[in-house]
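Note sheet for the following structure.
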Amino acid sequence: MSYREINAPLRTIMTPGPVEVDPRVLRAMSTPILGQFDPAFTSIMNTVMSMIREVFQTKNQWAFPIDGTSRSGLEAVLGSVIEPGDKVLIPIYGRFGHLLTEIAERHGAELHLLHCEWGEVFDPEVVINEMKKVNPKVVAIVHGETSTGCMQPLEEIGKACREQDVLFIVDAVATIGGADVQTDNWYIDAAIGGNQKCISVPSGNSPITYNERIEKILLDRKKVERGIATDKELAEKSYHHPIKSNYLDLSQLQDYWSPRRLNHHTEATSMLYALHEGLRILLEEGLENRFARHKFHEKALIAGIEGMGLELFGDSRWKLPTVTCVKVPEGVDAESVRAMMLNQFGVEIASSFGPLHGKIWRIGTMGYSCRKENVLFALSALEASLIRHGVKVQTGAGVQASLDIYTNGQ
Ligand SMILES: *Cc1c(COP(=O)(O)O)cnc(C)c1O
C-alpha cells in the first residue's frame, strides 16, 4: 500500500490559534539536526533563553521552553509548585480558568474558586479580598481568555500577592508577543506563554519563566525527593512531597537548561529552531511595535464587523486585543457560516466553548496572521457567507469601513 504525500490546502487562519507561520520560521525548521550537547546547539539554547526573557520583560534567570503544547508549560509550573493540600485560588472568567483548575486539582490542590460571568473580568479588589480570606499559597489566573475575548488586568493583583507572600502564576498563552506582559513589573512569579498564538510558531513548545521564589520551592522539593532534607528543614517547611512528574519536573528541567546541562529529555531540536526564528522576528519588530500592530488590525477588524451591522460580544474596556468576539445574529446557524467560510473561501474563524458555543464567533488577529489582507479577506468571506445564510447585512459597508482605517488610519 502506498500513501500519498500530504497536500495541505493554503488557508487564511483567523482563529485564536494555531495561526499562520512566517515562512522564515518554516525554513528555520528545516535546519539540520544537531546533537543536544553539541556546543553549536547549546549556544542556540542560550540564545532562546535570552530572547524569552526579553519577550516576558523579565530579569529572571529561568526562562526556557517546555517541550509540548502550552498545556505542558502550565502543567510543568503548576505541578512543580503545587503540593497535595496546598490552597490555590483561581478566579475563573472563561474556559482556560477551568483548565488551570483541572490541572491544579490533579496535583492535589485545595481549590478556592471565584467565578464571574463569561464576557467579564474580575475587579482586582474582589480577587484581593478573597485572597485575604483564603490565604492561599498560589493565585493562578489567565491573562488573555481566548474563550471570551477578555483580558484581565494583573498588576494590582500581583502587587497584593507579593505583599501577602502569595505566589502569582499567570497563563499568558494568548497574550505573549501580542499584548503587553510585564512579568517583573506586575509581580508575576511564573508566567506561561504559547507558541501557536501571537508568537506564530507551530504548536510544540511552550516558553515559560519563573523567579527565585518559585525556584526555592523546586529546590526544597528536590531535597525531599532525594531524602537529603534535614529534620529541621522538614519541620520548618510546609512542603513534604517530591514533584510527581518526571517529564514536567521543573527542578530537573532547569538543571538541563543550566550550564551543567544535566541530561533530562532530548530537546526538540526543530521546534527550538522554530522558536528561535519566531522570537527573532518578534524582537526585530520590537515589542512596542508589535503590540501597536495588533491594536491597529484589531481596530480595522472591529470597524469592519460593526460596519457590516454585527455586534461585538464583551465589554470594550477589557477586550483582549488579539481576539475579537462577534455575536451570531439571531436564528443563524453559526457552524454552517463557519463551514461556508472555510470551504468556499479557505478562511478559518473559530466558534467558542460551553455557554458561548453557537452564540459567538471568535476571530483571532495574532502574530503572522494579523495582517491587512487577512483582515479584509476574512471580513469579505464573513459578509458573503452571512448573505448566503439570509442575514441582512450592510452590504459592502464592512469592508469599506475597514479599508477606511487602512487608508487613513495609520
Ligand atoms: C490556547 C490556550 C491554551 C492551551 O494551549 P495548548 O497549546 O493548546 O495546550 C491555554 N491557555 C490559553 C489562554 C489559551 O489561549
Side-chain angles (χ1 to χ4, degrees), residues 17-18 29 33-38 41-42 44-46 48-49 52 56 60-84 86 88 96 99-109 138 140 167 169-173 176 189-197 199 201-211 214-228 239-276:
M29 293 183 81
I33 300 300
L34 288 165
Q36 63 172 336
F37 299 114
D38 184 327
F41 188 69
T42 54
I44 296 170
M45 291 172 75
N46 290 340
V48 169
M49 289 179 86
I52 293 175
F56 277 105
N60 288 343
Q61 175 185 5
W62 299 115
F64 52 84
I66 307 293
D67 290 343
T69 72
S70 315
R71 201 172 288 244
S72 72
L74 293 172
E75 185 133 15
V77 170
L78 292 172
S80 298
V81 170
I82 298 170
E83 298 191 39
D86 279 346
V88 177
F96 288 103
L99 175 61
L100 295 179
T101 307
E102 140 92 21
I103 296 173
E105 187 169 30
R106 282 181 188 238
H107 289 278
V138 172
L167 294 169
I169 298 180
V170 172
D171 170 348
V173 172
I176 196 75
D189 293 296
I192 299 94
N195 269 7
Q196 76 271 28
K197 317 233 168 160
I199 298 179
V201 163
S203 185
N205 53 22
S206 168
I208 66 160
T209 185
Y210 55 89
N211 61 19
I214 300 279
E215 185 182 10
K216 167 121 187 15
I217 294 178
L218 307 179
L219 298 180
D220 284 338
R221 294 186 76 176
K222 187 154 79 175
K223 274 191 182 173
V224 174
E225 180 206 326
R226 301 210 172 146
I228 55 172
Y239 357 94
H240 297 292
H241 304 271
I243 294 170
K244 272 202 186 140
S245 174
N246 169 296
Y247 186 61
L248 298 175
D249 177 341
L250 279 186
S251 75
Q252 292 193 45
L253 284 162
Q254 80 171 38
D255 283 340
Y256 178 57
W257 283 87
S258 78
R260 294 162 68 205
R261 303 271 171 225
L262 289 190
N263 192 19
H264 181 248
H265 64 292
T266 307
E267 184 49 18
T269 319
S270 306
M271 280 312 305
L272 195 71
Y273 296 156
L275 184 58
H276 183 280

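Residues: numbered from 1 along the sequence shown.
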Roughly how far apart are [X] [atom1] and [Y] [atom2], rounded to 0.5 Å?
X      : Y      : atom1 : atom2 : result
Arg221 : Asp249 : CZ    : CG    : 8.5 Å
His265 : Gln36  : NE2   : CD    : 7.5 Å
Tyr256 : Thr42  : OH    : OG1   : 9.5 Å
Ile103 : Ile82  : CD1   : CD1   : 9.0 Å
Ile33  : Asp38  : CD1   : CG    : 12.0 Å

Compare every heavy atom of [Y] with every heavy atom of [X], then report the nearest pair and how far apart it is.
X      : Y     : value
Leu250 : Ser80 : N-OG, 3.1 Å
Gly194 : Ser70 : CA-OG, 3.5 Å
Asp86  : Val81 : OD2-O, 3.7 Å

Whether Tyr273 and Phe41 hold their rings parallel, tilted or perpendicular, with breakpoints at 30° and 60°: perpendicular
Can you confirm whether Ser72 sits close enough to Tyr247 that some side-chain heavy atom of one is under 4.5 Å from a side-chain heavy atom of the other? no
For the backbone of Pro65 and the side chain of Asn205, can you confirm whether one donor and one acceptor N or O come within less than 3.5 Å of each other? no
Quick check: does any side chain N or O of Ser206 sit under 3.5 Å from a backbone N or O of Gly193, one acting as donor and the other as acceptor? yes
Does one side chain, of Asp189 or Asn211, offer a donor that lies under 3.5 Å from an acceptor on the other? yes
Regarding Arg106 and Glu102, does a basic nitrogen lie under 4.0 Å from an acidic carboxylate oxygen? yes
Atom CD of Glu225 with >12 non-hydrogen neighbours under 6.0 angstrom: yes
